[in-house]
Structure formats: C-alpha cells, structure tokens
J.: 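Attaching a single structure in structure tokens format; questions to follow.
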Amino acid sequence: MSFSVTEPSARQKLFAGVLVLVYALVTIMPLAWIIATGFKTPSDAIAYPPKVVFEPSLEGYVNLFTTRTRASAETLESLGEPQTWYDSIVRKNDMVIVGPSRYGERFLNSVIIGFGSTFLSVFLGTIAAYAFSRFKVPLKDDLMFFILSTRMMPPIAVAIPIFLMYRELGLNDTHLGMILLYTAVNLSLSVWLLKGFIDEIPVEYEEAALIDGYTRFQAFYKVVLPQAATGIASTAIFCLIFAWNEYAFAVLLTSGTAQTAPPFIPTIIGVGGQDWPAVAAGATLFLVPVMVFTILLRKHLLRGITFGAVRK
Amino acid sequence: MARIEIRNLRKEFGDFTAVQSSSFVIEDGEFFMLLGPSGCGKTTTLRMMAGLELPTSGEIFIDNEEVSQKRASERDIAFVFQMFALYPHMNVRKNISYPLVSQGMKRAQVKEKVAEVSRILGIEDILDRPVSGLSGGDRQRVALGRAIVREPKAFFMDEPLGALDAEFREHMAHELRSLHDRMGATTVYVTHDQLEAMQMGDKIVVMNHGVVEQFGVPQDIYDWPATMFVADFIGSPPMNFLKFEGAVEKGGTSIDLGGAFVEVPRLLEDARGQLALGARPEHIHFDDAASYRGKITATEYLGTTQIVSVDTPHGALKARLSSEQPARVGDAVGLRFDKRTLTVFDAGSGRALFSEANREVLGHG
Ligand SMILES: Nc1ncnc2c1ncn2[C@@H]1O[C@H](COP(=O)(O)OP(=O)(O)OP(=O)(O)O)[C@@H](O)[C@H]1O
Ligand SMILES: [Mg+2]
C-alpha cells in the first residue's frame with residue numbers, strides 16, 4: 001500500500017463524501033418539494049400527512065398558463081366533449097378555460113429585465129474596471145470606495161425616493177426603468193469583482209499588443225477580454241441571480257407592463273382558492289433560465305469563483 | 001537595422017526621478033547592454049525607447065527620426081518582456097503569428113514566416129501546443145519568435161533570461177547572441193548581471209540611480225571605469241580601493257601610500273582630500289622587493305587561479321594570482337601593482353581622475 005502526504009486517506013474521503021451528500025440532500029429538499037408539488041393536484045398538495053408518492057398531474061401547469069371560470073352543468077353539457085388534453089383536465093373541476101394567464105408575459109419581462117440589466121452591468125463594469133485598473137484616474141481610491149459604498153445599505157432602503165423619482169421621470173412600470181435600477185445596484189459588485197480579475201492580467205500582454213501594432217482599444221478587445229472571460233462570466237452570473245430573483249423593487253415599481261415573475265407568482269394563489277400546484281409550477285419554470293445560464297457558464301464559474309486565488 | 005540615439009532622456013514618476021538626463025548612442029547592428037543594479041531605471045529607459053512610457057523630457061532618435069512622442073506601434077521595434085508575455089489563450093503558432101496578423105499579412109505568407117522562424121529557433125515540433133504547458137526555455141524561444149517574426153528595426157529585451165535557471169541561462173544567452181549575429185539587427189538588452197553584459201555585449205551602458213555612469217565597449221569599461229560605482233559593479237571580485245587622505249598634482253606619476261610610493265599613469269588634474277587608488281585583483285602581484293606591504297588573511301582556490309585576501313594599511317584587498325603562487329594565511333607580503341591599469345578616484349564624488357591612460361576612454365581633452 002502506498003502512502004501519500006497530499007492524497008486523503010480512504011476514510012477521510014468517505015467522511016467528506018458523506019458530508020457533501022448530507023449537505024446536498026438538505027439543500028435539494030425544498031427544491032425537490034417545489035418541483036414535486038408542481039405535479040400534484042391541489043388536494044394532494046395540501047394532503048396531511050404529505051404525500052410522497054402521488055399520481056402526477058399537469059393541473060398545476062395548466063392552471064399556471066390559463067385563466068378559468070366555473071361553469072354550470074348546462075354550460076358544460078352544451079360544450080360537448082373537451083377538445084384538448086388541457087381542456088379535459090380543467091373540465092374535471094367543472095371549469096372552462098377563458099383565456100391565457102399573464103404568466104408568459106411576466107416571464108418574458110423577467111427575461112428582458114434580468115438579462116438586459118446583466119448585460120449592461122457587466123458591460124459598464126468591465127470598461128470601468130479596466131479604466132480603474134490600468135489608467136491614472138484622479139481620486140481612484142475614493143471613487144472605488146464610493147462605488148462600493150452604494151452597497152453598504154440594503155437597496156430597498158432607498159425604495160421610496162426611487163419610487164418618487166421614477167414616477168416623476170415616467171420610469172414606473174417600464175422595462176427601461178427596471179433595467180436601469182438593477183444595473184445601478186449591480187454595478188458596484190461588477191466593478192469591484194472585475195477590477196480584481198483585470199488587475200491579475202499582466203499589462204505586458206497589452207503592451208506586447210501595442211508594440212505589435214494594435215490600438216489601445218484593440219488590445220483591450222483582443223487581449224484583455226479573452227483573458228477576463230472567467231471573471232466576466234462569474235460576474236454575469238452574480239448579476240443575473242440578483243436581478244432575476246429581486247422581489248422588493250419589482251413589487252413596488254411594477255404592476256403591469258413591466259411586472260417581473262417574482263411579484264406575479266404569489267398572485268396566482270388568489271385565483272381559484274389555494275392553488276399551490278400552480279404556484280409551484282410557476283416557481284419551477286422560473287428556475288430554469290438561471291439554471292441553464294449557470295450550467296452554460298459553469299466551467300468559467302468554477303474557476304472564477306476563487307477570485308483569482310488559484311488561477312495561476 | 002537602426003541607429004538609436006538618446007539625448008538627455010528624463011523620466012519622473014510624481015516627485016521621484018527614475019531616469020535623469022541619460023544620453024548614449026547605439027550604432028546600427030550593435031548588441032547593446034543596459035546594465036545596472038535593480039531599480040536603477042533600466043526598464044524605464046527601455047520602455048521610453050519602445051514607446052510604452054512617455055519621457056518627461058529629452059529626445060529619442062531612431063535612424064535620425066525623433067520618435068519620443070510616437071506610439072509604440074509606429075516605431076517598428078520588437079519587445080521581449082522581463083516576464084514572458086505570451087498570450088495564454090493562444091497556442092504557440094498563434095502567438096508567433098499574432099504580430100503579423102495584426103499588420104494584415106496574408107495567411108499563406110504568415111504561415112511561411114512562422115515556419116521559417118520556428119526553424120531558426122528549433123521549435124517546429126511545439127507549434128500546435130498550448131503555451132501553458134511549455135518549459136521556461138521553450139516559452140522564451142516562442143517569445144523570441146514573436147519578436148523576430150516581424151523583422152523589426154530593433155529588438156528590445158528586458159532581462160529576457162531572468163526567469164531561467166543559471167545553466168540554461170548561459171545556453172540561451174549563447175543562442176541569443178548567435179541569433180543576433182545571424183540577423184544583424186540592433187538589439188538593446190537589459191540586464192543586472194555584469195558577467196552577462198561583459199560576455200554578450202558589443203557595448204555597455206552602466207546605470208545607477210537613474211544616472212548613466214559610463215558607456216562604452218566592455219574592455220574599456222572594465223579597464224578604465226569612469227566612477228567608483230562602475231569599478232565596483234563590474235568584475236568579480238570587483239576593483240579594490242585603497243583609500244587615503246592626501247593630494248595629487250597634475251603631471252604626478254606616483255602616489256604616496258603612507259610612505260610607500262606607488263607608480264600610476266601620469267595624472268592630468270589636481271585633486272586633494274579623500275582619494276582612492278583603484279586596482280583590479282589581477283593587476284596586483286606579490287613581490288618581496290615592493291615597499292607596500294600587507295598580510296594574507298584568506299585564500300580561495302579556484303583551479304588555475306586563486307583569490308588571496310590581503311590586509312593593508314589602507315583596507316582589505318583581493319588579488320587574483322596563479323595557483324602556483326605560494327600564499328599562506330598570516331604571511332606578510334610585498335604588493336606590486338601594474339602601473340598601466342591603475343586609476344585614482346576622488347572618493348568624495350566617486351569620479352575617476354583623468355590620467356594619461358584613461359583620457360581617451362573617458363573623453364578628456
Ligand atoms: N510606473 C511607475 N510609477 C512609479 N515609479 C516607478 C514606475 N515604474 C518604475 N518606477 C520606479 O522607477 C525606478 C526604476 O524602475 P525600473 O523598473 O526602470 O528599474 P530597473 O532598473 O528595470 O530594475 P529591475 O532590475 O528591478 O527591473 C524604481 O525605483 C521603480 O520603483
Ligand atoms: Mg526592470
């Protein structure tokens with residue numbers, strides 16, 4: 001048997017494995033619960049003791065995407081056989097579909113606002129961080145501190161002034177308004193994170209490019225950006241997660257056109273009693289984009305999350 | 001192909017002066033060494049020449065064209081950095097072809113050039129490897145490849161071998177020098193290693209604290225240092241200084257070391273106060289008839305030669321003698337100096353006094 005100083009022993013490995021497994025189970029539980037609830041019928045969802053094994057149903061998802069109304073026996077009779085699979089699900093509860101719900105729109109709003117503000121935060125953050133990292137900026141340290149200080153109180157503390165300001169400017173309940181707001185909140189994080197990443201890139205790379213005949217901008221674009229990709233990706237994930245999940249401002253500043261999914265999802269409960277499966281379905285679908293985005297950038301994230309500590 | 005001239009070049013960072021009015025000339029095709037201790041302003045000087053830093057004042061001429069305010073890309077030079085600056089996200093081939101692609105050269109031509117350069121450097125077999133896995137030597141070759149592929153007017157190299165281990169350094173230094181001899185392009189090479197500078201350079205400029213102390217061919221700098229700093233910095237062991245209080249006169253041919261007279265080349269100026277007699281270790285010999293005497297304190301055997309430390313009334317000195325010369329610790333010996341290469345310094349300012357022997361090298365009269 002060989003002995004190694006750096007390689008953990010089998011027992012240590014087992015212990016670490018068990019620990020990770022337990023932690024994973026604990027964190028996955030609520031998620032699994034939500035996903036399962038989405039596929040239950042409303043009565044199964046509130047059954048006591050909770051049902052672990054149940055007959056899956058798409059009622060939650062159908063309810064999520066439709067608005068329905070209760071129909072009398074005569075009306076149902078006069079409609080004849082249900083035309084589609086979702087019709088038949090609804091009919092079982094003596095209801096008829098009267099139209100689509102607003103979930104799709106709200107979801108789209110979330111996508112526009114979430115990705116829009118993420119793009120803007122990362123774009124502005126990268127060029128600002130580059131300038132702070134490479135150029136002589138007067139009062140550099142003070143400016144960096146000022147940028148950070150915008151994060152020293154919870155953003156919601158300024159909710160009222162922002163609400164009043166937005167009303168004056170006509171930015172209430174607009175996509176642009178929400179994108180600007182989330183960008184403003186995320187910018188300090190993005191400038192600080194990205195400055196750290198760009199500081200780590202040796203200036204010699206750009207200088208070599210300058211001597212090779214590139215302009216300053218080309219050097220930035222062709223040499224710095226590819227090397228900052230890790231940092232940019234992880235910063236983008238942090239920004240997206242914040243903008244995607246943000247609830248308080250969304251409740252306050254949006255109600256119609258630009259309402260995002262987080263304030264909308266709870267309102268589903270109100271439609272036709274305790275419709276937990278529809279809420280759970282809404283939440284499940286809402287997780288998908290961030291998950292896909294994170295998985296796509298996972299390779300970068302795993303390296304980037306160490307904030308350069310082991311990138312060498 | 002380029003002749004480079006620096007006139008009164010100066011660089012300040014805030015209130016710190018990194019380079020103080022330097023002037024020197026690099027002739028076309030020379031292998032030119034910028035030598036000095038760490039922090040003396042070598043890199044700063046080179047960066048100003050390359051256009052990566054703007055001088056506070058002064059002029060830089062490349063082929064008689066004033067370029068000090070021009071962009072780096074307009075100077076047609078190549079820079080090899082102190083740390084290898086290979087683009088980590090590109091493989092070897094891309095790294096080398098990068099400077100050509102940036103000039104908009106055609107693909108086929110780029111390919112041809114890269115093949116030629118990699119043949120010269122012997123790196124054909126690693127062209128498609130990522131740079132991250134390369135050894136230090138290979139990285140340095142790739143960095144050189146990047147520099148020579150463009151056939152620039154001049155190469156600027158900032159301690160290009162600094163990150164290599166001693167044995168390999170020597171090998172690469174050799175490679176570099178023969179590459180230079182084949183291509184004949186002007187090369188400016190920064191180093192803090194005096195041995196490297198002496199071995200490789202056609203000409204050397206020695207800097208200290210941002211000041212050019214001396215500039216010339218290695219032999220002249222070794223034999224006729226302009227300042228005590230140069231005398232001390234170059235040579236191993238360095239030049240010996242016998243410090244004494246006294247006066248010398250213009251036309252004088254010997255100095256009085258506490259009653260013992262030592263002959264020196266005829267002096268061309270007066271000086272008084274704290275003075276120092278400078279003698280290279282190999283220009284000191286044992287001679288029982290000599291009136292200047294000292295006592296052996298240590299010997300260091302180096303094969304064919306030995307370094308003998310001797311205590312004298314004017315301080316310790318080291319002599320490089322043949323190993324056959326008997327030398328026992330504790331022995332009293334007479335010391336004879338080679339007259340031709342002795343230099344008298346003004347110990348206060350550190351400046352060498354002009355004499356018959358060094359007048360030409362130091363440009364006096
Ligand atoms: N951008 C800068 N801002 C302020 N001071 C600087 C800057 N660049 C260099 N210096 C200072 O100028 C002096 C000369 O630096 P330089 O890099 O030219 O030295 P060097 O001779 O190349 O030294 P080394 O052998 O360590 O590379 C140093 O004291 C350094 O701290
Ligand atoms: Mg340097």
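In what follows, chains are A, B, ... by sequence order, proteins preceding strands, each numbered from 1.
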J.: Please identify each residue that fulfils salt bridge (charged side-chain N to carboxylate O under 4.0 Å, His left out) with E74(B), with sequence neighbours left out.
T.: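 Listed in chain order: nothing, the list is empty.
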J.: Would a line drawn from the ring center of F32(B) to the ring center of F24(B) be shorter than 6.0 Å?
T.: yes
J.: Measure centre to centre between the rings of F81(B) and Y205(A), then say whether the value is under 6.0 Å.
T.: no
J.: Checking A229(A) against chain B: side chain, backbone, both or neither under 4.5 Å from a heavy atom?
T.: neither
J.: Out of M207(B), R47(B), M157(B), E159(B), which residue meets the side-chain contact (heavy atoms from CB on, under 4.5 Å) rule with V190(B)?
T.: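 Single side-chain contact (heavy atoms from CB on, under 4.5 Å) partner of V190(B) among M207(B), R47(B), M157(B), E159(B): E159(B).
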J.: Using a cut-off of under 4.5 Å for heavy-atom pairs, which of R146(B), Q103(B), R75(B) has the most such pairs with chain A?
T.: R146(B)
J.: Looking at A78(B), S73(B), S132(B), which has the largest count of heavy-atom pairs under 4.5 Å with chain A?
T.: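 Ranked by contacts with chain A, first place is S73(B).
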J.: Heavy-atom cut-off 4.5 Å, strictly under: side chain, backbone, both or neither for L100(B) against chain A?
T.: neither
